[in-house]
Amino acid sequence: MFSIFASTDQLPALQAIIDSEFRLNEVVSVKEMPSIGEEITNRFLVVRDHEIFIPIDWANEAPPYILPYPLEFSAQNLLAVVYTKLGNYEKAYELAEINPFLLRDIDTLNCLQHGVQVRITEEPFTKLPSFEMYRYWHNTAVMTHYGELTHFVHYVTIKKYYQKALETAPDDEWRAFTGKHYASLLLDADELGEAAQLLHQCRDMAISDDARMELQNVQCAVWLKQLQIPYDEALLATIKNSLATLIPYYEQRQNGPQAALLLIDASQIANLTDSFAESLGYINRAIALLRQEDIPELVANAHYRKGTLLYTWAQNGNPQFLKPAMEAYQEALKLFTRDNAPEVFAEIHHHLGVIYSEIPDEAKKKGIWAAVSVSSFKEALRYFTRETNPYEYARICNSYANALTKYPEAAQSDNHAKALSFYREALDVRTAADYPHERALTLLNFLEIGWFVNHENEASEKALLEEMESYIAELAQLTNDPSLRAEAAQHQEKLEKLKAVVNLLTPR
């Protein structure tokens, strides 16, 4: 429901204007000014002293483009703004025809909202009233930041527009509004220190609770980007406490999509702090909220995040999570297809390839699981090629090799020998210079499986043992990790014993 607030003496005239439009009174109400405190959304405007005041859109219901403030009151102007807020641009255009400046602003807002190209206007030659000057710089920044432009604008220039808007803002609330979106630009550009400093400055100003919460939301996103291994426990606690404040705030304001996105973040933080049940609870709440809002793209993304969460737990010694991980990924694939999201599609199939190779089931079904596992790995390698994505290619080859060792024994080929070929593919990318830790892990995988290969002749067996011996020697130089060096030593000891046996059996 959209509301118009005004003094008591203005209500009859305003109601008559709303009633003059077919069924508009079913979605727009006219209320006395004192009841404005009851509103928990930004779906309202105020009529006072023959002027229309459109409040700051802290709820992010439309692009942050500022319409005239205040706007001269007339029935046409009022209805044009109301229909704009309701998303009925056809009616808004019709009613704004007699006000070309308002029509231009409504058209720009419509273009921003629907991805239509916009052209930024030249800097005014004459001095504008203070709010209009601020509005010009803020809107120019927003158009260049969020819009599809008719020409390229450099990132440094967009920053300049935001800085001009901050300098000309009429008060702290409008300055905070610009600051929020400027900080979002800095966040996307990974200028996290500058973003945090700007947010801190804006939150110290005399601003509303809504403004403070929106700035805190962006600040939380900055903190999430600052997380690095090893994780800072104090920062994790700060993010967790911030999310505990933000989530109920957005739920109270019935902003389901934003609440759901924050629940996904909360799930990530809970996972990093080993709170598995809490993490799963957050992601399930997010999925439920997004289904209510009927946003299939975000539902699919939440299922993807849930699948990754469960997959991670399964790989950490909890095989009971393999099946729910598989189900979550399969839900995500209903939207993330090879055509519309090839990278996500391929990454999901990489994980599914691993899951299908490890999922517990009766022996007679293992062959079926192996077949679908192979199919998923091929899908992943179809996108992540050595030429285009070498790091991911090596990661998937290593996973594929591991999976091959878990498949049922093949009648026509040796899965262990095939696994070694994929380990070699991974090692070609995972060089000692570029990826020493990953190379060490793959070398140990290779050594572990090398003992199980069926050889056609003595020459192939000797060649493999020599290759394994060279890898054992390399491991000693490649890593200082005690556990990895201990594994390498075990393989060396096994190799020495084998050599001793061979020497005893060899005729002198």
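Below, each value reflects all heavy atoms present in this structure, side chains not excepted, and no hydrogens, waters or symmetry copies.
Ion pairing between Glu191 and Lys225 fails under the 4.0 Å rule for side-chain N and carboxylate O. Under the 4.0 Å criterion applied to side-chain N and carboxylate O atoms, Arg175 and Glu167 are not assigned as salt-bridge partners. A salt bridge does not link Asp107 to Arg104: none of the charged nitrogens lies less than 4.0 Å from a carboxylate oxygen. With respect to Lys159 and Glu194, a salt bridge is recorded, a charged nitrogen being found less than 4.0 Å from a carboxylate O. A salt bridge is absent between Lys306 and Glu327: the closest approach of a Lys/Arg side-chain nitrogen to an acidic carboxylate oxygen does not fall below 4.0 angstrom. Taking a cutoff of 4.0 Å between a charged side-chain nitrogen and a carboxylate oxygen, Lys85 and Asp57 do not qualify as a salt bridge.
Under 3.5 Å, the side chains of Ser357 and Ser373 contain no donor-acceptor pair of N or O atoms. With hydrogens and angles left out, the side-chain atoms of His151 and Arg119 include no donor and acceptor closer than 3.5 Å. Using a 3.5 Å distance cut-off with no hydrogens or angles, the side chains of Glu32 and Ser7 do not pair a donor with an acceptor. Side chains of Thr312 and Gln315: a donor-acceptor N/O pair is absent below 3.5 angstrom, by distance only. At a cut-off of 3.5 Å, with distance as the only test, a side-chain donor of Tyr93 or Asn110 sits close to an acceptor on the other residue. Between Asp339 and Thr337, the side chains place no donor N or O within less than 3.5 Å of an acceptor N or O (distance only, hydrogens not considered).
Judged by the 6.0 Å and 45° rule, Arg338 forms no cation-pi pair with Tyr383.
Put simply, CG on Leu67 and CD1 on Ile54 are 4.5 Å apart, with the number rounded to the nearest 0.5 Å.
Using cut-offs of 30° and 60° on the angle between ring planes, the pair Trp174 and Phe177 is perpendicular.
Taking the six-membered ring for Trp and the full ring otherwise, His349 and Tyr329 have centroids separated by 6.0 Å or more.
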